[in-house]
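The block underneath contains the structure these notes are about, expressed in structure tokens.
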Amino acid sequence: MTTTGEDRARALTGPWWWERRRGAALDGALALASAVECGAEGIPFARDAGVPLSVGIVFGLLAGAVLLVRRKWPVAVVLVAIAITPAQMGFLMGIVGLYTLAACELPRRIIVALAGMSLVGTMIVTFVRVRQDMARGDLTLGDWFVPFAAVTTSLGLTAPPLLLGLYVGARRRLMESLRERADSLERELQLLAERAEERAEWARGEERTRIAREMHDVVAHRVSLMVVHAAALQAVARKDPEKAVRNAALVGDMGRQALTELREMLGVLRSGNAGRRAAEPVPLAAVGAAAAEAASRAAAEEVLDGPSLGELEELVGQSAAAGMVVALSVEGEVRSYAAEVEQTAYRVVQEALTNVHKHAAGARTFVRLAHRRAEIAMQVENESPPEVASASAGLPSGGNGLLGMRERVVALGGVFVSGPTEKGGFRVSAVIPAV
């Protein structure tokens, strides 16, 4: 668990410059202890200086209370501690002040300068006091003890708080850096999660669109042929019973083929792996933002086992059996392509023939397929339909056929063009890269 910047901002509940109340309480206790110490040490200072005891005590209390502002002005605290060192007071304030100074984010040269001043001041005062004690006879050691006592006392009062403060300050800065990095990583993870969710939603939308195109292609073409055969069956039922029987058989075959393709598609949709990959968002911690695209590709590959160009003659034959005058011509060397390329080419021709059944019944239709070096081209063109046939077509249209063909071709990097011809017919042309 990490603490964000907002959580830290809400944690600042202390008064004035303190971040927390416990920090204010700690500084108050230290300031009180320092004031008591300096006040007690102010009594001998007043006697040596020849001033009233009350003045020395008040001076000590005021000087010691400066420790209260150590977090706000650590330099001032250290300077006051250095200033009252000759009076032999403020030892606690000096130690705590040096620790606070080393732990705060001040330039190193300022910290070193003030620590050096404190070291030298403590050393000089200790040297003078020890020398005076030896002169009075309070100490009977040799002359070597004076510098030894001065050096060890000054180092003991300066080095430990300074080193501890430097360590705590470095650790605090390290923790702050790690906290900021954790905040940054948390924001990045949140952004990646949002992108992964967007990609998963996009993948689901693409899958729904693709399935809708497949369903449209299967249902529209087969049912259109069934309607055409049913209309022919109704027209010839009494005049030509044998032809009516053939048309009825064709209607049955078309219905069975449509049901077979629908069962295959619904079987893929109901399968556990394909359903979960296509519909559920992928967890970010497992695979990240690229999982959505992988899920879409995996689901798409399972449904790519559709029709191919080898079944194009059968498709044209079915339209011819339904009464359409249709001719198929193939140019170039016949070869195999990627499954999605062949399926798209087949669906374009299928949908174009379906549109002829719907909107131009009875019109002569030409299907052209050209195998080129780096691409495959197809064109379905019908002439102007006879007025009688056109009026009796009666097949509904959802307006999604041309849009679906365009989406299929453009998704593979191809070009799709459709529109009426000068002679009143309609032409659908598509070029798909072969690689």
Side-chain angles (χ1 to χ4, degrees), residues 1-26 71-72 74 99-100 102-108 111 164-214 265-305 338-340 407-408 410-413:
M1 296 293 293
T2 61
T3 304
T4 62
E6 296 180 358
D7 295 335
R8 290 195 298 274
R10 287 193 294 266
L12 303 180
T13 58
W16 295 336
W17 57 82
W18 286 281
E19 295 182 356
R20 298 176 180 85
R21 295 184 181 275
R22 62 183 182 182
L26 175 62
R71 298 178 191 263
K72 183 85 172 166
Y99 164 79
T100 307
C104 66
E105 297 181 359
L106 285 176
R108 288 295 178 88
I111 298 176
L164 180 61
L166 291 174
Y167 166 76
V168 172
R171 183 177 180 275
R172 185 181 301 161
R173 287 187 291 272
L174 176 62
M175 294 300 294
E176 185 67 22
S177 174
L178 293 177
R179 190 178 292 112
E180 292 178 357
R181 186 176 299 179
D183 293 343
S184 176
L185 289 176
E186 186 176 354
R187 289 191 296 268
E188 291 180 3
L189 287 175
Q190 184 177 2
L191 181 60
L192 287 175
E194 293 175 356
R195 290 184 177 178
E197 190 65 27
E198 291 176 359
R199 288 177 180 243
E201 185 63 28
W202 173 84
R204 288 192 292 267
E206 287 292 315
E207 188 67 11
R208 285 193 295 267
T209 303
R210 187 188 58 79
I211 292 173
R213 286 198 300 261
E214 291 288 336
M265 191 170 299
L266 292 176
V268 172
L269 293 177
R270 289 174 179 173
S271 63
N273 294 333
R276 284 192 292 270
R277 284 199 297 266
E280 294 182 358
V282 183
L284 175 63
V287 287
E293 295 182 10
S296 177
R297 289 196 300 268
E301 289 175 359
E302 288 201 38
V303 195
L304 273 178
D305 298 332
E340 55 186 1
E407 289 176 352
R408 285 179 178 274
V410 172
L412 297 180

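Both backbone and side-chain heavy atoms feed into the values below; hydrogens, waters and symmetry mates do not. Since the model is a prediction, treat every value here as computed from it, not as a measurement.
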R22: partners by side-chain contact (heavy atoms from CB on, under 4.5 Å), with sequence neighbours left out: R20
CZ-CZ distance between R179 and R172, expressed to the nearest 0.5 angstrom: 10.5 Å
Qualifying residues under salt bridge (charged side-chain N to carboxylate O under 4.0 Å, His left out), relative to E407, sequence neighbours excluded: R213
Non-neighbouring partners of E188 that pass side-chain contact (heavy atoms from CB on, under 4.5 Å), sequence neighbours left out: S184, L185
Pairing residues for V410 by the side-chain contact (heavy atoms from CB on, under 4.5 Å) criterion, not counting sequence neighbours: R406
Euclidean distance, R187 CZ relative to L189 CG, rounded to 0.5 Å: 11.0 Å
Residues in side-chain contact (heavy atoms from CB on, under 4.5 Å) contact with L106, at least two apart in sequence or another chain: P74, V75, L101, C104, I111
From OG1 (T100) to NZ (K72), nearest 0.5 Å: 15.0 Å
Minimal non-hydrogen separation, L26 against R71, with atom names: CD2-NH2, 4.0 Å
Candidate pair E176 and R173, rule salt bridge (Lys or Arg N to Asp or Glu O under 4.0 Å), full reasoning: CA-CA 5 Å; E176 185 67 22; R173 287 187 291 272; over 6 Å; no
